[in-house]
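To start, the structure itself, in C-alpha cells.
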Amino acid sequence: MTQAPALMLEDGLARALARIGLPAPHGLERLSGGANMESWRFQTGAADCVLRRAPSAEMMAGRPLDHAAEAALIRAARAAGVLAPEVLVELEPGDGIGSGFVMRALPGTPDPRTILDEADPTVLIGDIARELVAVHAADCTGLTVPVLDTTAALAELKDRFLRYGGDRPILALALRWLENSLPAPVAPRLVHGDFRLGNLLVEAGRLTGVLDWELAHLGDPHEDMAFGCMTVWRFSRPDRPGYGLTTIAQLAEAYEAAGGARFDPARFRFWTIYRTVWWALGCLQMGEFWRAGHDRSVERVVVARRAAEQELDLLLLLEELAPQAERERPLPPAADPLAHGTGEPSGAEILTAVSEWLGSDVKPLVNGRARFDLAVARNALGIVARELTQRPQAADAALAADLLAGTADLSTPGLLARLRRMALDKLAADMPKYPALAAARATWEGS
C-alpha cells in the first residue's frame, strides 16, 4: 500500500476508533522523521493520539515483529512499569489504511537537540539508565518476541552486505572483525532495539516516554546501551558518548546503580560496531526499497546516503588495530574537484540554482511536513551537486572481498590511509555537516 491521502486515513481511523467507542479523528498531521514507519498525530474527542503505520505492506514483509506483536509487547512493557505509550486499538484489514496501531500521545518532546540543550545530564542519564533496566527486566512470557542469535544475525548482516553489492571495503573490514570477535552467549533479556535520543520523550528535563518498539527482541542488554551511544545519535555532542549527555563510564555506573547487570566493556564494543554496521546496511536498504517502488519518497534515497556516516565511525572505531606506522602514514591526496568553467553552467551549478530557488521562493509557501520534505529535497540536490564536483570513490569490490577473506587487513601497507581518504571524501559529498567529519579530518589530515 502506498502512502494514503489524509482523507483516506481519516476514514480508516474513524472505523478503527469506532470499535473502542471513540469519535472520528480530526487535526490529522504527518509527523516528520521515521526511517521505516509513518507517524500521524490527531485528536479524537479531547484525546491526543498517534497512529503508527507502515507506508507500504511490502515494508512489513519478513519483519520478525509484526504490528500485532509489537502492540502486545508495548502493552506488556507498560504493565511492567516501562514508560511505554498506551495502545488503544490496532488497525484491521477492513479499515483500508494498512498495518499499524493507535496510541495515546505522551507528553514531552522527542527532539534531541532540545533535550540536550535543556536537560541536566546527571538527572536525565539516571532516568535513561532506570528505564533501560526496566526494559531489560520486563517479563515477555507468552508474547511473540523474536530471539536474536548473534551468530545467525551476523551471518545475515554479511549476506545483506553481499546482496547490496559487497563493494564497500570499510563495511567488509568491520564484518571481518565482528566474525572474529563474537562474544559468548548470555541469558536473553528484552532489548528495545532502538533505544536512543529521537525515540525518547522528555519534558522539563525528565524522561516521559519510550517510543518505537518495532525492533524489540530478546538478546544482550549491552546492545541497547551501545546503540544509543553511537556517534550518529549523539547529535553534535561527540565528546559525550553516553547518549550525548555523559561518558560511557558514567552511563555504566548509572545502569548498575539502577539495578542493571554488570557492565562489560568488551560486549559494549562488540555491539557498538555491530549496530554501526547494521545501521549502515539499513541505510543502504532504504535505496533498495526506493528502487523496488515500495516507497518512492526523496527522504528514502537521502537516508540511504547516510551509510557514509557509519563508514567513518567504523574506521574511527577500528583504526587502533593498525600498526603505529600505518596510523601515522600520510593520506593520499584527494582528487581535484571539477572546476566550474565559464559560460554554460555545469550540472552541479544547475542543481545549486534549483536548490536556492526552493529555499528562497518555495520555502515560505509551505509548512509542517511539506517544509520537512522540502529540506530533504534540497539536501538531495546538494548531495548530487557535490558528487558531480568532488567525484568521491567509496566502492571497491575486490578490496572488500580481500578484507572479508582476511587476505588484507589494517596491517597491509597503505590500506588504512586509503580507507581514511575514501571515508573522508565520500562523507564530504554525502553529509558534510556530520560532526565527526571535521574531527576526523583534523586528526587524519592535520588540518
Of all pairs that satisfy salt bridge (Lys or Arg N to Asp or Glu O under 4.0 Å), the ones with a partner from residues 132-153, not counting sequence neighbours: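 Passing the test, one end in residues 132-153: no pairs.
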
Which value, rounded to the nearest 0.5 Å, describes the distance between [X] atom [atom1] and [Y] atom [atom2]?
| X | Y | atom1 | atom2 | value |
| --- | --- | --- | --- | --- |
| Ile128 | Ile125 | CD1 | CD1 | 4.5 Å |
| Glu86 | Cys49 | CD | SG | 9.0 Å |
| Leu427 | Leu437 | CG | CG | 4.5 Å |
| Asp159 | Leu175 | CG | CG | 11.0 Å |
| Glu118 | Leu124 | CD | CG | 11.0 Å |
| Ile383 | Leu388 | CD1 | CG | 12.0 Å |

What verdict does the salt bridge (charged side-chain N to carboxylate O under 4.0 Å, His left out) test give for Glu387 and Arg305, after you've listed the backbone C-alpha separation in whole Å, the side-chain angles of each residue and the deciding distance to 0.1 Å? CA-CA 11 Å; Glu387 183 176 275; Arg305 298 298 287 260; 2.5 Å; yes

Is there a donor in the side chain of Trp40 and an acceptor in the side chain of Glu38, or the other way round, less than 3.5 Å apart?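 Looking only at side-chain atoms, Glu38 and Trp40 do form a donor-acceptor pair, the distance falling under 3.5 Å.
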
According to ring pair (Phe, Tyr, Trp, His ring centres under 6.0 Å), who are the partners of [X], at least two apart in sequence or on a separate chain?
| X | answer |
| --- | --- |
| Tyr243 | none |
| Trp233 | Phe227, Trp279 |
| Phe268 | Phe263 |
| His217 | none |

Closer than 3.5 angstrom, by distance alone: can the side chain of [X] be matched with the main-chain N or O of [Y] as a donor-acceptor pair?
| X | Y | result |
| --- | --- | --- |
| Arg104 | Val87 | no |
| Asp402 | Thr407 | no |
| Arg296 | Trp290 | yes |

Would you mind reporting whether Arg329 and Arg420 have side-chain heavy atoms less than 4.5 Å apart?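 Not in contact.
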
Shortest non-hydrogen contact between Met431 and Val302, atoms and distance: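 Looking at all heavy atoms of both residues, the shortest contact is CE-O, 3.7 Å.
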
Compare every heavy atom of Ser99 with every heavy atom of Leu91, then report the nearest pair and how far apart it is.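 Where Leu91 meets Ser99 most closely, the heavy atoms are CD1-C, 3.9 Å.
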
Does [X] pair with [Y] as a salt bridge, N-O distance under 4.0 Å?
| X | Y | value |
| --- | --- | --- |
| Arg52 | Asp212 | yes |
| Arg327 | Glu319 | no |
| Arg63 | Glu214 | yes |
| Asp117 | Arg113 | no |
| Asp95 | Arg19 | yes |

Report the residues that fulfil salt bridge (charged side-chain N to carboxylate O under 4.0 Å, His left out) with [X], sequence neighbours left out, ordered by chain and then residue number.
| X | value |
| --- | --- |
| Arg371 | none |
| Arg418 | Asp396 |
| Asp373 | Arg369 |

Using side-chain hydrogen bond (donor to acceptor under 3.5 Å, both in side chains) as the criterion, list what pairs up with Asp220, not counting sequence neighbours.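 Listed in chain order: His222, Arg267, Trp271.
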
Please enumerate all residues that pass side-chain hydrogen bond (donor to acceptor under 3.5 Å, both in side chains) together with Glu156, with sequence neighbours excluded.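 In terms of side-chain hydrogen bond (donor to acceptor under 3.5 Å, both in side chains), with neighbours along the sequence ignored, Glu156 is linked to no residue.
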
Contacts of Ser355 that satisfy side chain to side chain contact (heavy atoms under 4.5 Å, CB included) - sequence neighbours left out: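 By the side chain to side chain contact (heavy atoms under 4.5 Å, CB included) rule, Ser355 matches Arg378, Leu381.
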
Report the residue from Arg421, Arg441, Met422 that forms a side chain to side chain contact (heavy atoms under 4.5 Å, CB included) with Leu331.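 Option passing the side chain to side chain contact (heavy atoms under 4.5 Å, CB included) with Leu331: Arg421.
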
Do we get Arg269 above Trp177's six-membered ring, with its NZ or CZ under 6.0 Å from the centre and within 45° of the axis?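 The answer is yes; both the distance and angle limits are met.
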
Are more than 12 heavy atoms, taken from residues, nucleotides or ligands other than Glu90, located less than 6.0 Å from that residue's CD atom?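 More than 12 within 6.0 Å, yes.
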
Sort and list the pairs that fulfil ring pair (Phe, Tyr, Trp, His ring centres under 6.0 Å) and have at least one residue in residues 119-169, not counting sequence neighbours.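 Matches after skipping sequence neighbours: His136-Tyr255.
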
